[in-house]
Amino acid sequence: MVKNNLISSKYAMDLFIGESQYWNQGIGTKLISVVVNYLFEELEAVKVVIDPQVWNTRAIRCYEKCGFVKFKLLREHELQEEKYWDCWLMAIEPKKSVDLY
């Protein structure tokens, strides 16, 4: 398979673990790692982005652990519960992918 369109090779993802009893068990890190590696290896992605809210330090640490880096602050980017929140736009490229599991 040959891809000529770089736009179709860029992916965005999100993750939400709503039940607090599943926090701090490495589930998010494992899931992000597996999905990112799949996107790079199977779908030949050139970049994957994610946009956590700036206050969500737990998510940001997880994404950084998986190789994502912050590259742009998105002011009032996400509407949640009638309030606009700032988000970090974070990205990872194939050479930065880390197989954590």
Side-chain angles (χ1 to χ4, degrees):
M1 173 187 342
V2 176
K3 289 189 179 184
N4 292 326
N5 187 347
L6 288 179
I7 293 173
S8 68
S9 297
K10 296 178 183 175
Y11 294 85
M13 62 185 303
D14 203 357
L15 172 66
F16 179 74
I17 301 175
E19 301 295 329
S20 60
Q21 69 262 27
Y22 297 112
W23 296 354
N24 298 314
Q25 295 182 30
I27 295 169
T29 302
K30 185 172 185 177
L31 178 63
I32 293 292
S33 177
V34 168
V35 171
V36 165
N37 283 324
Y38 173 81
L39 291 171
F40 289 143
E41 293 172 14
E42 301 299 324
L43 300 183
E44 300 176 7
V46 297
K47 184 180 283 190
V48 179
V49 297
I50 198 161
D51 61 348
Q53 293 176 349
V54 295
W55 60 265
N56 195 344
T57 56
R58 183 190 325 266
I60 292 167
R61 276 194 310 270
C62 169
Y63 306 146
E64 288 175 334
K65 185 177 179 181
C66 292
F68 283 83
V69 294
K70 297 176 193 170
F71 74 91
K72 184 175 184 180
L73 180 61
L74 305 171
R75 300 245 178 236
E76 298 181 342
H77 177 67
E78 186 173 306
L79 179 62
Q80 180 183 355
E81 298 178 7
E82 300 183 21
K83 181 178 179 185
Y84 283 94
W85 295 89
D86 294 347
C87 295
W88 279 111
L89 186 56
M90 302 178 73
I92 185 171
E93 296 175 356
K95 62 185 169 290
K96 307 292 184 189
S97 179
V98 177
D99 187 13
L100 297 174
Y101 296 92

Under 3.5 Å side-chain donor-acceptor pair for D51 and H77 | yes
Are I50 and L89 connected in the hydrophobic side-chain network, where two residues link if heavy atoms are under 4.5 Å apart?
-> no
Could you walk me through whether K10 and V46 pass the side-chain contact (heavy atoms from CB on, under 4.5 Å) check?
-> CA-CA 6 Å; K10 296 178 183 175; V46 297; 3.8 Å; yes
Where Y11 and A45 come nearest, the two heavy atoms and their spacing = CD1-CB, 3.5 Å
Minimal non-hydrogen separation, P52 against M90, with atom names | CG-SD, 3.7 Å
F68 and I32 have their tightest heavy-atom pair at CE1-CG2, 3.8 Å
Given the rule in the side-chain contact (heavy atoms from CB on, under 4.5 Å) test, do V48 and M13 qualify, once you have shown the distances and angles that lead to the verdict?
-> CA-CA 7 Å; V48 179; M13 62 185 303; 3.8 Å; yes
Determine whether W55 and I60 fall in the same hydrophobic cluster, where Ile, Leu, Val, Met, Phe, Trp and Tyr are linked whenever their side-chain heavy atoms lie under 4.5 Å apart.
-> no
Under a 4.5 Å side-chain heavy-atom rule over Ile, Leu, Val, Met, Phe, Trp and Tyr, are L15 and W23 clustered together?
-> yes
Between W85 and I17, is there a shared hydrophobic cluster once you connect ILVMFWY residues whose side-chain heavy atoms come closer than 4.5 Å?
-> no
Measure from NZ or CZ of K47 to the centre of the six-membered ring of F71, then state whether that distance is under 6.0 Å and the direction lies within 45° of the axis.
-> yes
Tightest non-hydrogen contact, residues C62 and G28, listed as SG-C, 3.6 Å
Is there a side-chain contact between N24 and R58, using heavy atoms and a 4.5 Å cut-off?
-> yes
Should L43 and F40 be counted in the same cluster of Ile, Leu, Val, Met, Phe, Trp and Tyr side chains packed under 4.5 Å apart?
-> yes
Donor-acceptor under 3.5 Å (Q25 side chain, Q21 main chain) = yes
C87 and side-chain contact (heavy atoms from CB on, under 4.5 Å): which partner among Q53, E76, K72, R75?
-> Q53
Taking the side chain as every heavy atom from C-beta outward, state whether V36 and I92 have any atom pair closer than 4.5 Å.
-> yes
Nearest-0.5 Å distance that lies between atom OG1 in T29 and atom CD in E64 = 11.5 Å
